[in-house]
Every structure is written in structure tokens, then in C-alpha cells.
Participant: 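After the C-alpha cells below, expect a handful of questions from me.
FYI, the numbering just counts along the sequence from 1.
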Amino acid sequence: LMHAWKGYKEHAWGHDELKPVSKSYGEWFGLGLTLVDSLDTMYILGLKEEFEEAKNWVETQLSFSKNVDVNLFESTIRILGGLLSTYHLTGDQLFLEKAKDIGSRLMPAFKTPSKIPYSDVNIGKGTAHPPRWTSDSTLAEVTSIQLEFRELSRLTQEPHYQVRTQGGLVHKLPGKHDGLVPMFINTNSGQFTHKGVFTLGARADSYYEYLLKQWIQGGKTEDDLLEDYLQAVEGVKKHLLRQTGPSRLTFVGELSHNRFNPKMDHLVCFLPGTLALGAHNGLPGDHMDLALQLMETCHQMYAQMETGLSPEIAHFNLQARDGRDPADRHNLLRPETVESLFYMYRFTKDTKYRDWGWDILQSFNKYTKVQRSHRPDMESFFLGETLKYLYLLFSDDMELLSLDKYVFNTEAHPLPIWPSPPK
């Protein structure tokens, strides 16, 4: 951890993405993204000196009045999420003020005919637009900003932060397939587009995660969210689950116009953790059974590779024959598997999940300490998410960010579960 952080501090302090290879910085959007994203990690890990330095930077240097286009989803989960969680951990108003500032500047994205937000906002000019090539937004993006905006609304007592991000936008939309949703939604009509393609990978994952997490955040009172989540899990089991031939691993594939494709994004490894979280919160036991099976698969996606690091995409082999299953080359320092290992360990206390996490950490260290010439960007989620989940996995303090008190956003920023209203 200190290795990664020191590299960041020496070469790119206050700049967006560390490029360990060129020793310069790439402005991802000039907002010190890695820094804001890893504030709560520094705090949780007790890196007091680093945290104070970073806080000082936020106080004196971090300005959102810049003529720059940002992605609504990324800015919400990383910047707004990071500021809100740091506010809760420290109680320091500075972070709430900054959260209000960025929150307000992101609001123009919701000024669309359908209230489905645009993907991009200019936070200086207060204008928003869809990506250049389409008037669609990615469904996962517009449905994975609620935890943050709802929390901002609750803290500020300003309802306008909440109204425009209701997940209710898609609750009754036609085009779902047993709870599974298409990947895109149109900002003019508010309807799904590119129907018939269903995946839990790159462009759909967090929609499902946020259904469950909003339900938990709000004190388990919003039945629409729960109903949509339960339906989606049934849809996954019915349409997307298969077992590989050789090793009988359960995996989640993709469905394209009723044709099954046995390809699983590493991103889908968030699912065992989410399923386990649901089961912990009283959802059916078979959710936990599925979590255990998928966790094994995600572990194998690492263990079967020579580097011990998972591919970005694994193509599974459905025929019973010899040979290894996963088959895609490169690895980003992805957090999803260690995130799920953290949930599994917390809920089962089975130490094998720690062992698996340790193996992954050793592989990270071995293969990534080298100057990573082929993948220069040290994505900010490495410092923020991956290391935070590994730290929590190895911590013996089960009350540290207890999962009965906090819900983690999709960028690993813990937000409080709301207290129940007085009876």
C-alpha cells in the first residue's frame, strides 16, 4: 500500500492519474481524482500525516469552478461519494461543503425531457449533454448515483438532490426480461434502447448492486427496490447462469437476442459480495449458495492464470474436456473480487477467503511493482477500492465499518445506513 501511495505522492500529487511509467500525470479531469477517491482509505488505514496533507490540498486547492466536462456517474461515485464518506468518518464540515458544491454542479445533468440524466456535465458552465455520438445514457450509470444523491439530500435537507435520481425511473419500464435490464436508456423518451442484450458486465453491473444497496440504505422500507432486485436475481439464475464443462464452475454469461454467450467480465465478480449482503439482510438462502459458487469461480479466474491475476474478460468453456477455462489477457488492478472476498469473510468467517485475498495481493505486488510499461495508468480505484477492501479483509476488527451500519457505494466509499424513523 505504502509503495503505491508513495509513488503517487512523489510524482503526481494533486493530479489525476498516476502514470508510474512516464513519471508524469494525466489530467483525468483536473480534480485530483485519486486524492479525493482515497481520502477515506487514508483515514481508515490511520495514515494521519498523509490524510492531513490531502485534507489541506482539498481545503486550499480543490476547486470545482472549472470549465471542464465530467462524467456524471464517475464524478458521483468517486468525488461526491468520497467526500460524503470522508465527512461521515471525520465529522469535518469541509468535506460536506465540498460535497454540496460538486453535487450542485452536477445537477444540470438532470435537466432532460425524461429526467433521465445526460452522461456528461460541464461543472463550470452548468451545461450538460449526452455523449457526442448518441442521445442514450448507459443504464448502469443513471441508476448508480442514487446512494450518493439521496445521502446528500438527507444531510442538507434539500430534497431537490433526491427527486431527480429516483431509481423508480426504470421500475415499470417495458423491455425488462425477468428483472434483467437492457444496457442503454434514452434521455429524450426515457425508454430502454438496444433491447434484447442482457449482461451483468461492463455496462449493467451496478444497476443491480444499487437496487439492493438503496433498499438497505433506506432502512428496508422501499418495496419497489427490493422487488426489482429479487426479480433480477431470479432472471440471472434463469437466463445467465451456466456451469463450465471441465471444472464445473458456475459462471454468469451474457444473453444477446436469446443467444447465450459464455463470457464473463471480471466486473461480475462484485456479484458474490452483493448476493451475500442480501442474504445477510434476510433475503433467501439460495442467494448465499450462489454467492459461494460464484466466489469460487472468481477465485479460479485468478488462480488459473500464470500471473495469479485475473483476466479482464474470461471466456468459459462449456464442453467437458481438459484445458483451462479463462482466456483473456490483461489485468487492471480490479477491485471486484477482493470486494466480494471481504463480504464473504465478514459473513462466513471462513479464513480461506483471507488466504485467497493474500494470494491476490502477493500477485499484485510481484507483477505490478515493475514499471508497468504496458499499462501506464494506475487507475485511482487501485488506491481507493482494491487496497481498502484488502485492508478490511485482513482486519480483525469486525466492527470497523460494520456492514450493519454502513453500505459501500460502487467505488468502495462507505455511507451510513439511515437510522429508522421514530415509531
Side-chain angles (χ1 to χ4, degrees), residues 73 116 137-147 165-185 190-218 220-242 250-258 260-261 263-295 297-298 336 339-340 343 407-410:
F73 165 69
I116 301 283
S137 284
T138 299
L139 186 79
E141 295 196 358
V142 304
T143 53
S144 308
I145 50 183
Q146 285 78 0
L147 286 175
T165 57
Q166 276 310 332
L169 292 172
V170 295
H171 177 56
K172 294 199 165 54
L173 274 192
K176 287 190 187 174
H177 188 46
D178 293 324
L180 303 177
V181 290
M183 288 157 58
F184 298 98
I185 190 164
Q191 299 295 313
F192 291 131
T193 56
H194 304 280
K195 293 197 186 94
V197 178
F198 303 97
T199 170
L200 261 68
R203 292 204 174 258
D205 51 329
S206 45
Y207 162 78
Y208 303 99
E209 175 192 353
Y210 268 39
L211 288 172
L212 176 69
K213 288 181 173 179
Q214 286 177 81
W215 178 70
I216 292 170
Q217 176 191 44
K220 305 184 196 178
T221 56
E222 298 152 288
D223 295 337
D224 281 4
L225 293 166
L226 177 61
E227 189 189 315
D228 285 356
Y229 177 73
L230 289 170
Q231 241 188 331
V233 174
E234 291 313 302
V236 168
K237 293 204 300 214
K238 186 170 163 187
H239 300 290
L240 304 182
L241 271 195
R242 293 286 193 283
T250 300
F251 71 99
V252 176
E254 298 180 349
L255 199 62
S256 182
H257 307 291
N258 294 319
F260 182 78
N261 180 4
K263 127 184 186 329
M264 175 164 143
D265 261 310
H266 181 263
L267 278 169
V268 179
C269 288
F270 83 89
L271 190 58
T274 299
L275 288 165
L277 180 63
H280 177 73
N281 281 282
L283 301 190
D286 63 357
H287 287 206
M288 193 60 182
D289 301 337
L290 182 53
L292 293 161
Q293 291 168 5
L294 288 172
M295 192 74 260
T297 304
C298 289
E336 290 81 17
E339 171 185 357
S340 284
Y343 284 102
V407 62
F408 285 81
N409 87 341
T410 195

Participant: Determine the sole option in Val268, Asp289, Leu271 for which the side-chain contact (heavy atoms from CB on, under 4.5 Å) test with Leu294 is passed.
Facilitator: Leu271
Participant: Compare all side-chain heavy atoms of Trp215 with those of Asn281 and state whether any distance is below 4.5 angstrom.
Facilitator: yes
Participant: When rounded to the nearest 0.5 angstrom, what distance separates OH in Tyr229 from CG in Leu283?
Facilitator: 6.5 Å
Participant: Do you know which two heavy atoms are closest between Asp205 and Leu200, and how far apart they sit?
Facilitator: CB-O, 3.3 Å
Participant: Which pair of non-hydrogen atoms, one from Gln217 and one from Leu147, has the smallest distance, and what is that distance?
Facilitator: NE2-O, 3.0 Å
Participant: Side chains of Cys269 and Met264, heavy atoms from C-beta outward: is any pair under 4.5 Å?
Facilitator: yes
Participant: Is Lys237 atom NZ crowded by more than 12 heavy atoms from other residues, nucleotides or ligands, each under 6.0 Å away?
Facilitator: yes
Participant: Report the distance from atom CE of Met288 to atom NE2 of His280, rounding to the nearest 0.5 Å.
Facilitator: 10.0 Å
Participant: Can you give me the closest heavy-atom contact between Thr138 and Phe184, atom names plus distance?
Facilitator: OG1-CE2, 3.9 Å
Participant: Donor-acceptor check, side chain of Lys176 to backbone of Ala232, threshold 3.5 angstrom: yes or no?
Facilitator: no
Participant: Could you report the tightest heavy-atom contact between Val197 and His257, atom names first, then the distance?
Facilitator: CG2-NE2, 3.8 Å
Participant: Quick one: does Thr199's side chain have a donor or acceptor within less than 3.5 Å of a partner on Glu254's backbone?
Facilitator: no
Participant: Any side-chain heavy-atom pair from Leu241 and Val252 closer than 4.5 angstrom?
Facilitator: yes
Participant: Could you give the distance from CG (Asn409) to OH (Tyr210), rounded to the nearest 0.5 Å?
Facilitator: 4.0 Å
Participant: In the structure I gave you, are the side-chain heavy atoms of Leu226 and Lys220 within less than 4.5 Å of one another anywhere?
Facilitator: no
Participant: For the residue pair Phe270 and Glu209, what are the closest heavy atoms and their distance?
Facilitator: CE1-CB, 3.9 Å
Participant: Quick check for you: to the nearest 0.5 Å, what is the distance between Gln191 atom CD and Ile185 atom CD1?
Facilitator: 7.5 Å
Participant: What distance do Leu180 atom CG and His239 atom NE2 have between them, rounded to the nearest 0.5 Å?
Facilitator: 6.0 Å
Participant: Of the options Val407, Leu277, Leu230, Val233, which is the one that meets Leu212 in a side-chain contact (heavy atoms from CB on, under 4.5 Å)?
Facilitator: Leu277
Participant: Can you measure from CE (Met183) to OG1 (Thr193) and round to the nearest 0.5 angstrom?
Facilitator: 9.5 Å
Participant: Just say parallel, tilted or perpendicular for the rings of Phe260 and Phe251, cut-offs at 30° and 60°.
Facilitator: tilted
Participant: Please find the pair of heavy atoms, one from Tyr207 and one from Val170, that lie closest to each other, and give the distance.
Facilitator: CE1-CG2, 3.7 Å
Participant: Can you tell me if Thr410 and Ser206 form a side-chain donor-acceptor pair at under 3.5 Å?
Facilitator: no
